[in-house]
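Worksheet: the structure to be examined is printed underneath.
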Amino acid sequence: NAGVTQTPKFRILKIGQSMTLQCTQDMNHNYMYWYRQDPGMGLKLIYYSVGAGITDKGEVPNGYNVSRSTTEDFPLRLELAAPSQTSVYFCASSYFLSSGNTIYFGEGSWLTVV
Amino acid sequence: AQTVTQSQPEMSVQEAETVTLSCTYDTSESDYYLFWYKQPPSRQMILVIRQEAYKQQNATENRFSVNFQKAAKSFSLKISDSQLGDAAMYFCAYRSAMDSNYQLIWGAGTKLIIKP
């Protein structure tokens, strides 16, 4: 019963490097999301997807890219990492028209850009 | 635009006692959903309780209950018989029923400290 799985859990990047945060869910959810959480703050939406092949920008998309080739996977790409991208990243998913309207979160990925 | 405000950056309570965390929100919509999420030191976000705005009855999940005051746009979380494992950040979140993209709007969080 894996739910939403994110990898890696911790990563240190140098300024200008690129990396991909992986996210996969096994609940057959239509909707997937990437959030970032800065210290002492709530979550901010980076990108979201309503189904395979469909993605859209959230509140803070600059510096990131996503793709959704399958229902299960929703990777987040960081290009040219900057210190401002130091944060905790959460992947999440939900059903369309879920009776509970509940969003399920992964365990988070700690990213430090130095 | 909708906003969610948690006015208590930090709260503390004695173990076994009751504590209430405040949340207010601003919206012009009549149909929406409200959530409380718990984030322990492990940083995983865990759903605590949810409330549908069209339901007058306050949601309850074991020791957790809400006081939903729609007219006042208030959504407080009451934790009864506080336990050490309840220590965490608690986030209030709002989602419009009109938003087919299921986007959540988050408060800044309240840190709950449990005193043994």
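Numbers restart at 1 for each chain; the letters A, B, ... are given by sequence-line order, proteins then strands.
Here the side chains of Y35(A) and L104(B) are in contact, with some heavy-atom distance below 4.5 Å.
With hydrophobic clusters built from ILVMFWY side chains whose heavy atoms lie under 4.5 angstrom apart, F10(A) does not share a cluster with W34(A). Criterion: ILVMFWY side-chain heavy atoms under 4.5 Å apart, direct or through other members. Under it, Y90(B) and M11(B) are part of a common hydrophobic cluster. By the rule that hydrophobic residues join a cluster once side-chain heavy atoms approach within less than 4.5 Å of another member, W36(B) and F105(A) end up as members of separate clusters.
Atom-to-atom distance recorded for I105(B):CD1 and L43(A):CG is 13.0 Å, nearest 0.5 angstrom. E59(A) CD to W106(B) CH2: the interatomic distance, rounded to the nearest 0.5 Å, is 12.5 Å.
Within a 6.0 Å radius of CD1 in I12(A), no more than 12 heavy atoms belonging to other residues, nucleotides or ligands are found. For K73(B), the NZ atom counts as densely surrounded, since its 6.0 Å shell holds more than 12 non-hydrogen atoms of other residues, nucleotides or ligands. Heavy atoms of other residues, nucleotides or ligands lying less than 6.0 angstrom from NZ of K44(A) number 12 at most. Counting heavy atoms of neighbouring residues, nucleotides and ligands inside a 6.0 Å radius, atom CD of E10(B) exceeds 12 of them.
For Q6(B), no part sits under 4.5 Å from any heavy atom of chain A, backbone or side chain.
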Q. For F91(B) and Q37(A), what are the C-alpha separation, side-chain angles and deciding distance, and is it a side chain to side chain contact (heavy atoms under 4.5 Å, CB included)?
A. CA-CA 12 Å; F91(B) 291 94; Q37(A) 185 183 29; 3.1 Å; yes
Only distances under 3.5 Å count here; give the side-chain donor-acceptor pairs of residues 12-22 of chain B to other protein atoms, sequence neighbours excluded, each with its distance to 0.1 Å.
| from | atom 1 | to | atom 2 | distance (Å) |
| --- | --- | --- | --- | --- |
| Q14(B) | NE2 | P116(B) | O | 3.0 |
| S22(B) | OG | Q8(B) | NE2 | 3.4 |

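Interface residues of residues 74-90 of chain A toward chain B, defined by a heavy-atom distance below 4.5 Å and sorted by number: V88(A), F90(A).
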